[in-house]
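Below is one structure; the comments refer to it alone.
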Amino acid sequence: MSVVPTRLAQSLGWFAQVWRSLRRSRQGTIGLVIVIVHMFIAVASPYIVPYAHHDIDGKNRLAAPSADHPFGTDSFGRDLFTRVLLGGRAAIGVALLAAAIAVLWGGLLGILLAFIGGRVDEVVMRLVDALLAIPGLLVVLLIVVALGTGFSVLILTLGYAYGVSTVRVARGAALSFVASDFITAARARGERKTNIVLRELIPNLLDVLLVEYVMRASWALTAISSLSYLGFGIAPPTPDWGRMVFENQVMLAVSPWGTLFPVFALASLIIGINLAGDALSKAIGLDRSQEAPT
Amino acid sequence: MSQKLLEVEGLTTGFRTQAGQVVPVLRNVSLEMQRGETLGLVGESGCGKTTFGMTLLGHLRPGGQVIAGSVRFEGVDLFGLAPDELANIRGQRVAVIPQSASSALTPTMRVGEQIAEVLTLHLGLAGTELQERVLELLTQVHLPKVDELVRRFPHELSGGQLQRVAIAMGLAGKPELLVLDEPTTGLDVTTQAHILDLLREIQESTGTAMLYISHDMGAIARVCDRLAVMYAGEIVEDGGIAEVFADPVHPYTRGLLGSVPRLSYAGLPRAMAGRPPAPGEDSVGCAFVPRCAFADETCKTIDPALEPTSRAGTLPHLVQCHHWQRVVASGHSGQMRDLKVGIDQGVQPEPLLDLAEVDITYAKRGLAALVARWRGEPEPPMTVSSFTIRIHRGETLALVGESGSGKSTIARAIAGLLPPREGRIDFGGQDLASVVESRPAEMHRKIQIIFQNPDASLNPRHTVKQILDAPLRLYFDMDQKGRLDRSGALLEEVRLTPRYLERHPGQMSGGEKQRVAVARAFAAEPDLVLCDEVTSALDVSVQAAVLELLAGLQADRGAAYLFISHDLAVVRAIADRVAVLYQGRICEVGPVADIYAPPYHPYTETLLAAAPDPAPGARAQLLAKDVQEAEPPVRGCCFQRRCPRRIGSICDDETPPSQFAAAGHVIRCHIPLEELRESQVDLISPSSVATHGVAVDAQ
Ligand SMILES: Nc1ncnc2c1ncn2[C@@H]1O[C@H](COP(=O)(O)OP(=O)(O)OP(=O)(O)O)[C@@H](O)[C@H]1O
Ligand code: SF4
Ligand code: SF4
Ligand SMILES: [Mg+2]
């Protein structure tokens, strides 16, 4: 059917528009380039790294960068270049999935609450506010301590924690549309409620949700790295930036490379996402200054 | 000192696009103003009126620049001044009163303080002198109880009062020139009449020169001595208001004047084809060529210059047209056309919709209402009460009244968006006193709504194709191809082309969007279309075109309209029957011809008197105070608090009787019909304008 191609063309057109406005801002372009480089490395690193992440070069421990080991080695003699390139994969994967889950359930719930309104909205929002009063990272830590640090536990708990604040954002954005005449017109026309939400409401909220997704992903990345640093996140032997910082920081005075390179990798990615995210929200006319990470 | 207050010479301004091109907005504008002169500036939206007004304050929008020419205020070039020198002129010697008074006022500051601030800033006043001047200014704009009013916040004032405060602020620095940008747009006719009267009075007492920007010809005719017409950033005609109104020489001025609906003429105004070019869109030659019936090869190649017509008049009459002599010789373009559709008077009309004793309220129900009753709080009066009316198949029933009179509320009830508390809504035997979701699908199809503002009623993320597809998919068993063809045909019916199918609302003009909204309603093949102020967000020229479209569609399709409007001239042009509503209660209902001739209900009389036809020097008669009432009275006549003919306590206590003035013409008033008939004059025949009136002190 031709519905699919036209829909696709429309959403492509929308993305193209967002893309163009992103490119128009210098910061947005820089952020985007950083993010793209990181994503490329995350996907391609298994094929380009010179060693396996657990290979040990016993003769070169805590070595400074050299031709054999461009970033040097850690206290076991493992190649830091290999480990830094591979070290983002798990965290990025978890963050992207967690943010997707958060925006999916939080966004949908928020939109539905705005649409339904009344008592249901009131009660659920009280609950959301109560949940928001507890710091998100604390909740995640508690759950992870209780249930262990499997990937799925991490993804689900982060997805839950960030979803709660997404409910608020999505509801707020949806409320400004719920009372508008085109929704009233759809109601008067006899449109089914699911249709009103899917066809009339959600298309107007895609941009807000996209920004929300980007920002949640950045926060989730920070959170997951902090957790790994503390030992509750991505477990060894999987290489991970946060964990690497923890493992190598004792040797900071002797050999700073094992700490510096993962920190640089993590920081550059988070800065990149934030630059792109800010430009994105500016491009679609949102002010993110009031939002704060949880 | 030169006599001229303002000299604008060859002013061309523009802005730089992202591609780096400079797009002109104002093009070679030359204009002079004498001291104490009132100049009206008209033109369709987007023609550069506001941009021009702002240049008189030395102000350009962000990104704007002066490309050529100068604006000299008392000989001083405003764009050559340093910022602090300009600041001295702005607000003090030249002041602006913006369209929306609320945007000029700070919501968190008491109105007295805001005026005091201006006085301190510009005149350095302080102490008791300052306080006295504040009170004096507020009294000058006829605000009531000024000692108490100075302590109020903007949100505690009505729209008319806010506009008065904004005017007082504009006058605070005793300016020599006042720029008014659509100062009465969005106000009720009665409020508007009071504000216009006030402006005229201020002009006479202070001698302040005024530039009055508006698309409302009637307002300009009542306030101004001189009229300038702007098209595509150029002045195309400039002359004494009486001359220009009596015999406009530029085809555009003729078109604009012709598209204004008149109270004194029962017929549709003549729509002007096309729309003004967007900045940067224009080509060589006269910008009006695509819309001009007189255009020829000369027009397409040579840009006409603004030149005197050497016609007799008090003021020089200038025009920018190669062929103005031919235009004049072609005679006065017939302003109105007799295209009157609707029901055939000979046939017995068939009832379509019956509303019987309908009560509607926004008051909460359920628990909150129970608590209130338990506390012994009286239930607030219904927003709409005992509303009874019948709409016939194929007719246009107009609902008129000021803002807040409950017009939209009734439309919402019929559409099932706000079910009535009491009463019956009967649609061909089907009971409709229910919420829209519980109505049968066929009812959804038969009743359609068109809203005031197409920007809000069309989903900005949808294409025209998706917008038109929605009703077709919902009501008809058609395949994709069939729906697409039908959408294209519908666009043709509203004088658009299928090329618009792929556009988003943001890519269309206001008039085009409203046409799409009309097409969406007619896609359902409805029996009844609820039109809620469908033309009030549009330019007069676009309004005329949409009215013509609605009338044409009705003639073809036989749908009935519930036509909601606050504009009595528009109603006269399109309605078969009229119901006049005040505070949710019907005052008068009858065939259109009877409503516009005495006897009038005192409220109808007030409305008609407040908005005379556009004519130079026409003065509105201010019969009632321009107070906004928050709530209808609990007992008696709904109009008792503002009625200029109130006869006593009977009006407060007893519901007025329905008096039958003619077949189907009901007036609800305690004054006997004969008395009304004897004491009232015909308010719409041109001769009666500005002759009679019992002015009431403005409040
Ligand atoms: N959602 C609401 N809640 C409470 N009161 C409302 C609501 N909507 C409208 N009202 C009140 O109901 C009355 C009638 O409003 P309505 O919108 O029907 O007026 P209207 O005649 O259409 O006015 P306008 O010409 O300004 O559109 C007003 O007093 C208004 O303040
Ligand atoms: S110059 Fe030509 S096109 Fe322009 S208004 Fe005059 S007749 Fe029409
Ligand atoms: S009943 Fe009384 S208050 Fe009402 S319109 Fe008649 S005269 Fe005026
Ligand atoms: Mg309304």
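Residue numbers start from 1 in every chain, and the chains themselves are labelled A, B, ... in the order their sequence lines are given, proteins ahead of strands. Quick note: numbers below take in every heavy atom, side chains included, and nothing from hydrogens, waters or symmetry partners.
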Would you mind telling me which of Ala441(B), Ala521(B), Ala470(B), Ala415(B) has the largest number of heavy-atom pairs within less than 4.5 Å of chain A?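 That would be Ala470(B).
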For [X], does the [atom1] atom have more than 12 heavy-atom neighbours from other residues, nucleotides or ligands under 6.0 Å away?
X	atom1	result
Asp479(B)	CG	yes
Gln27(A)	CD	no
Phe40(A)	CZ	no
Arg192(A)	CZ	no

Classify the side-chain pair Asn204(A)/Asn459(B) by whether it contains a donor and acceptor separated by less than 3.5 Å.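 Per modelled atom types, Asn204(A) and Asn459(B) side chains form a pair under 3.5 Å.
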Between Arg520(B) and chain A, with a heavy-atom cut-off of 4.5 Å, which part of the residue counts as in contact: side chain, backbone, both or neither?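 The answer is the side chain of Arg520(B).
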Heavy-atom contact with chain A under 4.5 Å, split by part of Ile449(B): side chain
Sub-4.5 Å side-chain heavy-atom contact between Arg189(A) and Tyr475(B): yes
Should Phe451(B) and Asp181(A) count as side-chain neighbours, where that means a heavy-atom distance under 4.5 Å?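 When only atoms from C-beta onward are counted, Asp181(A) and Phe451(B) do touch, with a gap below 4.5 Å.
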With rounding to the nearest 0.5 angstrom, report the OG to CG distance, Ser180(A) to Asn453(B). 11.0 Å
Ignoring hydrogens, what is the shortest heavy-atom contact between Val436(B) and Arg187(A)? Give both atom names and the distance. CG2-O, 3.5 Å
His462(B) and Arg199(A) have their tightest heavy-atom pair at NE2-O, 2.7 Å
Do the side chains of Glu200(A) and Arg461(B) get close enough for a salt bridge, i.e. N-O under 4.0 angstrom? no
Does Arg473(B) come within less than 4.0 Å of Glu191(A), counting only side-chain N to carboxylate O?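 Yes, Arg473(B) and Glu191(A) are salt-bridged.
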